[in-house]
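Working notes, beginning with the structure itself.
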Protein chains: 2
Amino acid sequence: MTDLAIDVDAVLADLTALAKVSGGKHAGAKRLAWSDDWQAARAWLLQRLDELPVTIEQDPAGNLWAHLDGAGDDGAFVIVGSHIDAVPSGGWLDGVLGVTAALGVLRALAAADTPPPVSVRLVDWADEEGARFGRSLVGSSAAAGTLDPDDVRDLLDAGGIRLQDAMAACGIDLDAAIGATARLEGAKAYLELHIEQGPVLLDSDRLAGAVSGTVGDERYLIRFSGQSAHAGSTPMRLRRDTLAAAATATLEVREIAIRHEGVGTVGSLRSEPGVITAVAGFTEMMLDLRHLDAEQLASMLAECRAACEAAAARFDCEVELRRVFGATPTPFHPRLVALARAAVHAAGGGDGEPIPSGPLHDATEIGRQVPTVMIFAQSNPPISHTEVEDSPDAALRVAIDAYGRTVGSALDLVAAGELEATR
Amino acid sequence: MTDLAIDVDAVLADLTALAKVSGGKHAGAKRLAWSDDWQAARAWLLQRLDELPVTIEQDPAGNLWAHLDGAGDDGAFVIVGSHIDAVPSGGWLDGVLGVTAALGVLRALAAADTPPPVSVRLVDWADEEGARFGRSLVGSSAAAGTLDPDDVRDLLDAGGIRLQDAMAACGIDLDAAIGATARLEGAKAYLELHIEQGPVLLDSDRLAGAVSGTVGDERYLIRFSGQSAHAGSTPMRLRRDTLAAAATATLEVREIAIRHEGVGTVGSLRSEPGVITAVAGFTEMMLDLRHLDAEQLASMLAECRAACEAAAARFDCEVELRRVFGATPTPFHPRLVALARAAVHAAGGGDGEPIPSGPLHDATEIGRQVPTVMIFAQSNPPISHTEVEDSPDAALRVAIDAYGRTVGSALDLVAAGELEATR
């Protein structure tokens with residue numbers, strides 16, 4: 001078995017050092033993609049990589065790669081990594097935990113007496129967050145072949161700068177970015193460590209957990225049309241109250257999500273005229289549905305559609321649904337998920353059921369092409385994308401240790417030819 | 001019995017003429033209170049009044065009075081009227097129907113061989129709508145003694161002009177306005193004709209109806225506080241979803257209103273962060289409750305409060321209620337309501353149950369001091385405060401005729417000393 005014990009203290013020291021050069025530990029990260037801040041953070045990473053026997057390259061999409069040779073000569077490799085970019089005033093762990101842990105993997109392998117059985121590549125994906133131009137997973141989707149340059153061309157940031165110009169300032173040509181697909185040729189597995197950014201591990205008192213996949217997501221704007229009317233002069237039986245219809249549908253969405261063991265969220269009901277003295281003649285509902293299983297997600301959506309139509313009919317309103325976003329579920333590789341679960345157990349994190357990830361990750365894109373798994377560290381408070389984001393020291397230690405064990409086991413599996421490809 | 005047959009054709013001709021000089025019949029009224037347009041409309045009214053044997057005065061609150069002497073010499077009088085002011089781009093009937101019908105009353109009395117048994121005063125209340133400064137019923141509340149100048153001082157219109165300055169431009173001193181209370185000394189009854197501005201008469205196929213009173217009104221802003229959370233990473237069981245709590249309360253409000261035969265309206269649910277990918281950590285609900293009976297209104301409010309608290313508890317949220325407006329019910333005088341009902345019947349409008357008024361009227365203020373009743377003409381479409389406001393010709397004819405009959409009967413009742421005072 002490949003001995004892969006990450007030096008956890010070194011990873012934690014890296015996290016603290018990186019926070020110091022890019023915003024401070026709880027002062028809000030400054031690593032916005034395609035910015036000078038982001039390039040400064042990468043410069044810090046390159047300094048760390050320069051100490052290791054690796055080959056460093058940036059691919060056409062701006063993803064940063066560090067290749068460490070293994071014993072095999074068939075071009076096969078395993079990918080470790082995450083993203084160094086952050087939302088404005090983000091946390092000190094989102095993304096960079098996975099990058100520094102991957103750095104820990106390379107260090108452990110470089111320090112070993114023998115090379116790993118398979119080559120290992122660290123990756124720092126470009127613009128995972130999409131916080132500047134609104135499009136997430138830019139670098140990983142380019143590598144996965146799902147980025148269409150025309151879909152993102154001319155996206156503007158808050159200052160009116162175009163995405164392609166911000167990329168060009170970093171030496172990246174948007175139209176050439178899709179050439180990054182070549183970087184997955186020979187990739188046998190992708191393993192990513194991340195904080196959970198949610199409350200599931202905290203609530204069940206687990207320090208870390210294997211991730212079963214990233215959920216599929218359906219987002220709709222649902223518009224109820226009725227009749228606005230005077231709140232005083234219009235008897236209840238003569239109303240066509242869109243807010244009553246939307247409230248009914250909102251509660252149905254909740255029941256549907258619970259029934260399917262997914263999540264369903266109505267984040268906003270915006271009414272017109274929206275005043276205290278008038279029945280709402282129009283209400284727009286924002287709906288987000290997620291599930292790890294594509295069929296269950298489709299059922300949830302069908303039931304929510306029916307619930308909206310029934311609620312509209314009940315209150316003599318009309319309704320129309322407009323899809324604004326969709327993502328299919330990405331279940332991770334079952335063999336790797338089992339390895340990660342066992343590794344968390346061995347690292348002292350207990351033997352818990354793998355949990356689905358609600359948020360998207362680079363692993364969502366890569367997981368459709370390459371056998372993939374993630375490990376989550378507990379988040380406490382269970383939130384992210386804010387400077388108060390944090391994880392207990394014990395959770396970080398267990399998660400980093402488990403990540404190293406998982407990578408070690410995955411290398412063995414790949415070397416033995418026992419990990420079947422995803423596609 | 002006092003013969004009081006209004007010349008309905010003349011009233012309809014007045015309405016058309018007034019519309020012509022102040023905005024056009026379906027082009028949107030231009031009679032905003034305290035404006036030049038409003039004074040121009042009043043100048044038109046003064047010209048009509050000048051043709052009659054009346055004494056004309058403006059009171060300290062800007063209400064316009066025209067006194068026609070009756071046979072009695074005890075200072076008693078009956079008031080007829082409504083308001084000539086309008087919301088911007090308002091309809092051709094709201095307010096002015098009652099003013100022109102009152103003009104019709106004076107004309108009929110002036111044309112009679114003998115004076116009426118009691119004096120009659122036409123009133124055009126100032127600034128009923130409150131459309132410019134946000135405060136309704138300015139002139140009638142001054143007369144009723146419920147206007148506190150300090151409550152309205154420094155209210156600004158959209159152009160930054162203060163209420164007291166707009167009044168001063170019309171020759172009215174805000175601090176002196178409360179002197180208008182003297183105008184109700186000797187008032188024995190107040191009778192007002194108005195369009196319904198709602199769907200009740202239309203829905204029951206009635207052309208006109210007696211009004212049982214104006215409802216009490218309780219308005220609250222209700223704030224639910226929970227926890228905003230990621231729509232993807234937060235399982236349903238761990239949510240503190242304020243929009244789910246508010247939606248539950250919204251549907252309860254509806255059931256409570258139906259149970260009490262009142263009206264209850266949630267016109268808006270505003271959530272924060274209010275985005276498609278987050279559970280709403282805060283939701284503000286706008287609640288309006290109305291009922292003609294004060295005890296029923298209090299019960300509705302108590303039940304709505306309990307429903308909000310139960311809904312908050314169910315979704316692990318907090319809730320606080322803030323009262324933003326309250327008005328007690330004004331039931332009209334039972335003898336006058338009975339007269340108005342009989343008059344509508346006699347005018348060919350059928351014998352229907354008196355209906356409550358959801359909107360407030362000048363009669364709400366005056367009805368607390370003086371025996372009062374209103375008659376409504378059917379609205380079709382059943383809306384108001386818009387240039388498409390309208391009533392069928394047949395409805396206007398029945399309502400105006402019924403109004404004249406009611407005034408005639410009321411004069412007899414007052415002359416006979418059979419109408420007990422309200423207070």
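A, B, ... follow the sequence lines: proteins, then strands. Residue 1 opens every chain.
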Fill in: Under 4.5 Å from a heavy atom of chain A, the part of B:Val324 involved
side chain
Worksheet item: So, do B:Val263 and A:Thr234 sit near enough that their side-chain heavy atoms are less than 4.5 Å apart?
Response: no
Worksheet, complete the sentence: Those residues of residues 207-222 of chain A that come under 4.5 Å of chain B on a heavy-atom basis, listed by number, are A:Arg219, A:Tyr220
Item to complete: Heavy-atom distances under 4.5 Å only: say whether B:Arg290 touches chain A with side chain, backbone, both or neither.
Response: side chain
Worksheet entry | Contact winner vs chain A - B:Gly198, B:Ala244, B:Ala247, heavy-atom pairs under 4.5 Å | B:Ala247
Worksheet item: Can you tell if the side chain of B:Pro359 reaches within under 4.5 Å of the side chain of A:His230, non-hydrogen atoms only?
Response: yes
Discussion item. Are A:Ser233 and B:Ser357 packed together at the side-chain level, in the sense that at least one heavy-atom pair is separated by less than 4.5 angstrom?
Written reply: no
Worksheet item: Between CE of B:Met236 and CD of A:Glu255, what distance do you get to the nearest 0.5 Å?
Response: 8.5 Å
Practice prompt. Kindly write out the residues that satisfy side chain to side chain donor-acceptor pair (under 3.5 Å) with A:Arg314, not counting sequence neighbours, or none if the list is empty.
Written response: none
Worksheet item: If you count heavy-atom pairs under 4.5 Å between each of B:Thr248, B:Thr283, B:Ile383, B:Leu360 and chain A, which one has the most?
Response: B:Thr248
Discussion item. Per the side-chain hydrogen bond (donor to acceptor under 3.5 Å, both in side chains) rule, what does the pair list look like for residues 199-211 of chain A, sequence neighbours excluded?
Written reply: A:Asp203-B:Arg237
Fill in: Heavy-atom pairs under 4.5 Å with chain B, option from A:Arg239, A:Gln227, A:Glu196 with the top count
A:Arg239
Response to the item:
Among A:Ala280, A:Ser384, A:Gly232, the residue with the most heavy-atom pairs under 4.5 Å to chain B is A:Gly232
Worksheet entry | Inter-chain contacts: residues 266-278 of chain A against chain B, heavy atoms under 4.5 Å | A:Val266, A:Gly267, A:Ser268, A:Leu269, A:Ser271, A:Gly274, A:Val275, A:Ile276, A:Thr277, A:Ala278
Fill in: Top contributor to chain A contacts, counting heavy-atom pairs under 4.5 Å, from B:Ile355, B:Asp241, B:Thr250, B:Leu287
B:Leu287
Discussion item. Is B:Leu289 in contact with chain A via its backbone, its side chain, both, or neither, using a 4.5 Å heavy-atom distance?
Written reply: neither
Worksheet entry | Proximity breakdown for A:Phe376 and chain B, heavy-atom pairs closer than 4.5 Å | neither
